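I have placed the structure first, in the form of structure tokens, so that the comments after it can refer back to it.
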Amino acid sequence: MLEQCFRLAQELLDAEQTSAPMPKVSPEKMMRELDLALPRQGRSEEEVFAQMREVLAFTPQTSNRRFFNQLFAGRVEMAGAAEVLSGLLNLSMYTFKVAGPHILIEHQLVRRMAALAGWPEGGGTFVPGGSMANLVGMILARNQAAPHFRDHGGEGQRLMVYMSAEGHYSVTKNAGMLGFGRHQVRHVRSDRQGRMDVQALEQAIGQDLAAGAIPCVVVATAGTTVRGAFDPLRAIAEVCERHQAWLHVDGALGGGLVLHPEWRAKLDGLELADSFTWDAHKAMGIPLICSAILVKRPELLAQNFRESADYLFQADSDHLNPGTKSIQCGRRNDAFKLWAAWQHLGDEGWAERIDRQVALAEYAANRLEQHPRIQLCEPPHSFTVCFEVAGKSSAEICDVLHQRGDAVIGYGRYEERYVLRLVTVNPLVSHDEIDRLIEQVDEVAAALPDHAPASSSAR
Ligand SMILES: Cc1ncc(COP(=O)(O)O)c(C=O)c1O
């Protein structure tokens, strides 16, 4: 059966090279054309593979070189191969007894990643996504500010959360789930470069202290979702230190830059933080999901998450049983694929990959800057390039490109309007492909009617 599976996988890889990323198809059309209903009687292997082939034909190709829509695109093939093996091995990463060397692999990774963050004694654990990594960081922060919280719940204090106006929505969602309350999140103003304004942070904290609230956690972003901007970590850390607030750094997008000798400077001051989200499934090209929460003081994880489960944690120490420091019980093996990719690329390969990604962003920015009809919003901070066509709707441009099967690209809020966002995380994209995308944007925009001045309420 696996042979058929690999044949199908090869077809997919070939299609990624030759076809469009997948034109927009409505769910109604898919329901009509695909046989998705669950049968009463089982079908033969051949029949199921034939059905899967049809599903793949309608599936967006995120590794196609004309897919620019998300903060992930393309794949490190070695990681894809290890992911296939992980699926077959079907381990759960809670105990050494059932995951063996994969626990040791995870140790290697989190120790190394924490050391790269600037914490030689640090550690962490893999979690299902950057939002969850932010959740864990915020739980640790909450329990530090309110040590009774884990056992007894809140005791009426107002614990405040701070992030920049450009921070990720998971922070607000997490605040709602953790008993902070969504309205206790201060969306601190950002500056013209999209970075948190440290004076505005200081001011917000001052106001909250005066009102009797506790500044609990500042979530700084290393690579904001739309603009790719980096908050000034060192200055924010000083503010946190002064107010004894926890500093969590959301590096879901830009965290991997610590692997580059020069680009690491974007995260200057990271070593002063308490916890750090790092998604290897975004810019590093590891298949989803591959996220780590890293902490300066690794003992805090078990202190805050351990429960007695004598049916499970029977042999070995907590150290070898990472289930004692995670939110989940059963846990996917997300470490193996990153480890395999790292073995193949080495530190140097990661740095070269970053060079290629930022060079692509710079190439696109230069072309856009010279373009007579398209406006570049700002020089790229890392791997996202924001641009617009004056008087035209960015949303409609994206939609038409998608419908025509030309490219998949998204838009996001930039200051008070919506602009196109080109993400250059797939290092296999060529200059020709970027040129072609820009030409297609121009062509599509020219055919669209004029749009009222774009604002955040009118896309
Ligand atoms: C800055 C930032 N943080 C966190 C996340 C959430 O990551 P995930 O999708 O892995 O939950 C994202 C996702 O785009 C992000 O851009």
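Note that ligands are numbered from 1 as they come in the structure, with each ligand's atoms numbered from 1 the same way. All values reported here derive from a predicted model rather than from experimental measurement.
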Examine F336 together with H102 and report whether their ring centres are nearer than 6.0 Å. yes
State whether the shortest distance between N or O atoms of D279 and N or O atoms of ligand 1 falls below 3.5 angstrom. yes
Structural part of A252 in contact with ligand 1, heavy atom criterion under 4.0 angstrom: side chain
One finds that the ligand 1 atoms under 4.0 Å from a non-hydrogen atom of G129 are 10 (O), 11 (O)
For G130, counting its heavy atoms only, list the atoms of ligand 1 lying under 4.0 Å from any of them. 7 (O), 8 (P), 10 (O), 11 (O)
With nothing but distance in play, are any N or O atoms of T225 less than 3.5 Å from an N or O of ligand 1? yes
Strictly distance-based, threshold 3.5 Å: is any side-chain N or O of R158 a donor or acceptor partner for the main-chain N or O of Q184? no
Consider ligand 1: state whether an atom of it lies below 4.0 angstrom from any non-hydrogen atom of H281. yes
Does a side-chain N-to-carboxylate-O contact under 4.0 Å join E415 and R192? yes
Here the pair of heavy atoms bringing H248 nearest to V217 is CB-CG2, 4.3 Å
Aromatic ring pairing W119/F276, orientation class (parallel under 30°, perpendicular over 60°, tilted between): perpendicular
Charged N to carboxylate O under 4.0 angstrom, D318 versus K325? no
Under 4.0 angstrom from ligand 1, any heavy atom of L253? no
Atoms in ligand 1 with a heavy atom of L71 nearer than 4.0 Å: 14 (O), 16 (O)
Check R306 with E299, please: is the shortest side-chain N to carboxylate O separation under 4.0 Å? no
Basic-acidic side-chain contact under 4.0 Å: E202, R242: yes
So is G223 in contact with ligand 1, going by heavy-atom distances below 4.0 Å? yes
contact_flag D250 ligand 1 heavy-atom lt 4.0 Å: yes
I'd like to know whether ligand 1 has K282 as a neighbour, heavy-atom separation below 4.0 Å. yes
